[in-house]
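Some notes on the structure that comes next.
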Amino acid sequence: MPAFAYKAIDRTGKRLSGSLDAASSVALARTLEDRGLVVVAVADAAPNGAQPRTGARGGKRQGVLDATRALAALLPAGLALSRALAAAATVATGIVAERLAAVRQRVDRGDSLASALAEHADIFPAHYIGVVRAAERSGQLDEAFARLATELEREESLRGKLISAAIYPALLAGVGGIAVLVLLLFVLPRFAELLRGAGAQLPRSTATLLALSDMTRAHWLALFVPVIFVAGLVAWARTTAEGAHAFSSLLLGLPLVGTLRRLALSARFARLTAVLLGGGAPLLAALDDASESVGDPLARAEVERIRARVREGAPLHRAIDEGTLWSPLLAQLVAVGEESGRLREFLSKAAEIFEQRTERATTRLVALAEPTMIVVFGALVGFVALSLLQAIYGVNASSFR
């Protein structure tokens, strides 16, 4: 039987790890659970006996995911929140473990878990904190962490698929860009000397190409300007409210990315509102918390507008339909939910629909990058080859006159 490495926690919060033979990872997990352990991770054992990677090796996102899995498993088992946080900190090593230890200290002093997590917004995203805040009000923390673990696992799986799909387009873009620069900086100048020395009249395409090569060689430092400009824009978007607003507007204005962004924001708004309503919060209070937790500045402003309209007496579906940010399907599903008295259920259904559409649209967008890169660099190489062949043909033709 194959060997599987595992990480688990016992009822006292002690961290355990090891390697066992089992028919499958599922069978091993069941065996450990029968022993009274809470399984955190199971993976194929490496030849050297390495354990499943977590925490610092997997990055902050992986550390948060491992900690969330642990909390989702420990809280339903009856472990106190403070001890569950301590156990989760042992699972997620590195900076996530340090932040969880600080969160536990604040919880022990009497602070709410959501406010303690909010002190570390660079680790825990806004919607994560919003779900925890809603769960604390409803007393359903174990369900909230189970839901967050499922959501984070889905995001991590999608991110892994996208990274795998984007490797080839990224390599193609890098190699193609380097090839074009080598042509402009080194190859074409040599051809330019030969062609000009032959005294033949150069075709317009060849003259344009050689002029571009000369300009690139003379101002090669300008090639770094776009990189510096993009880095500055990213820093501005991350550190200032104006930059975040401008970046969000830019994303929504792009043809394909804008549609994908609207789907993702619609899913997040529907999920947050459904969780808050499920926790017993009134609609206005749920919209208040959703506006604080949605993250995107344009989405926050839209939720605040919707709340103002609902406070004036407008139905939620009409307030949503009056805006342009959310997907039109959201207003239709909310209308059905309001008419049937099952608003939370239809909001959850809307979130599932939008999350599935977001995953499919993202996968298709990445898949389109590969043929796009091939066409772009194929056109560039074809233009260079055609221009040089025209010039060489002109030189040979003039030699027979």
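- Distance alone, capped at 3.5 Å, is enough to place a donor-acceptor pair between the R305 side chain and the A319 backbone.
- Ion pairing between E304 and R307 fails under the 4.0 Å rule for side-chain N and carboxylate O.
- Between atom CZ of residue R309 and atom CD1 of residue I320 there is a gap of 12.0 Å, rounded to the nearest 0.5 Å.
- Considering all non-hydrogen atoms of both residues, E355 and A267 come closest at CG-CB, 3.7 Å.
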Begin with the C-alpha distance, continue with both residues' side-chain angles, and end with the deciding distance and a verdict on side-chain contact (heavy atoms from CB on, under 4.5 Å) for F269 and L325.
CA-CA 11 Å; F269 168 71; L325 181 61; over 6 Å; no
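- Without hydrogens or angle criteria, S348 side chain to R344 main chain gives a donor-acceptor distance under 3.5 Å.
- F346 is listed as a side-chain neighbour of S340, based on a closest heavy-atom distance under 4.5 Å.
- Annotation: Y128, atom OH; neighbour count of heavy atoms from other residues, nucleotides and ligands within 6.0 Å is above 12.
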Would you check, one step at a time, whether the test side-chain contact (heavy atoms from CB on, under 4.5 Å) holds for V303 with T273?
CA-CA 10 Å; V303 176; T273 308; over 6 Å; no
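- The minimum heavy-atom distance linking T324 with R262 is given by the pair O-NH1, 2.8 Å.
- Atom-to-atom distance recorded for T150:OG1 and R69:CZ is 10.0 Å, nearest 0.5 angstrom.
- Contact of the F124 side chain with the L100 side chain is registered, since non-hydrogen atoms from C-beta on lie closer than 4.5 Å.
- For the pair R357 and R360, the minimum side-chain heavy-atom distance is below 4.5 Å.
- Screening residues 325-339 for side-chain hydrogen bond (donor to acceptor under 3.5 Å, both in side chains) gives H317-E338 as the qualifying pairs, with residues at least two apart or on separate chains.
- Closest heavy-atom contact between L74 and A87: CD1-CB, 3.6 Å.
- In this structure, CG on D111 lies 8.5 Å from CD on E119, to the nearest 0.5 angstrom.
- Under 4.0 Å is where a charged nitrogen must lie from a carboxylate oxygen, and between R99 and D122 at least one such pair does.
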Would R261 and D296 count as a side-chain contact (heavy atoms from CB on, under 4.5 Å) here? Give the steps.
CA-CA 10 Å; R261 185 66 173 171; D296 185 88; 2.9 Å; yes
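- By the 4.0 Å N-to-carboxylate-O rule, D321 lies too far from R318 to be salt-bridged with it.
- Side-chain contact between L113 and L85 is present, with at least one heavy-atom pair separated by less than 4.5 Å.
- With S248 contributing its side chain and H245 its backbone, the two residues share no donor-acceptor pair below 3.5 Å.
- Residues A270 and A350 come closest through the heavy atom pair CB-CB, 4.3 Å.
- In this structure, CG on L252 lies 6.5 Å from CG on L265, to the nearest 0.5 angstrom.
- For the residue pair T68 and A149, the shortest heavy atom distance occurs at CG2-N, 3.5 Å.
- In this structure, L333 and I353 have side chains that are in contact, with non-hydrogen atoms separated by less than 4.5 Å.
- Between Q105 and R109 the shortest side-chain heavy-atom distance falls below 4.5 Å.
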Show, in sequence, the C-alpha distance, side-chain angles and deciding distance for S82 and R104, and conclude whether the side chain to side chain donor-acceptor pair (under 3.5 Å) test is met.
CA-CA 6 Å; S82 178; R104 183 196 178 195; 3.0 Å; yes
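- Screening residues 288-307 for ring pair (Phe, Tyr, Trp, His ring centres under 6.0 Å), with sequence neighbours left out, gives no hits.
- One finds the CG atom of L283 at 6.0 Å from the CG atom of L277 (value rounded to the nearest 0.5 Å).
- A84 and L75 make their closest contact through CB-CD2, 3.9 Å (heavy atoms, listed as atom of the first residue, atom of the second, distance).
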Please lay out, stage by stage, how F354 and L329 fare under the test side-chain contact (heavy atoms from CB on, under 4.5 Å).
CA-CA 9 Å; F354 293 136; L329 179 61; 4.0 Å; yes
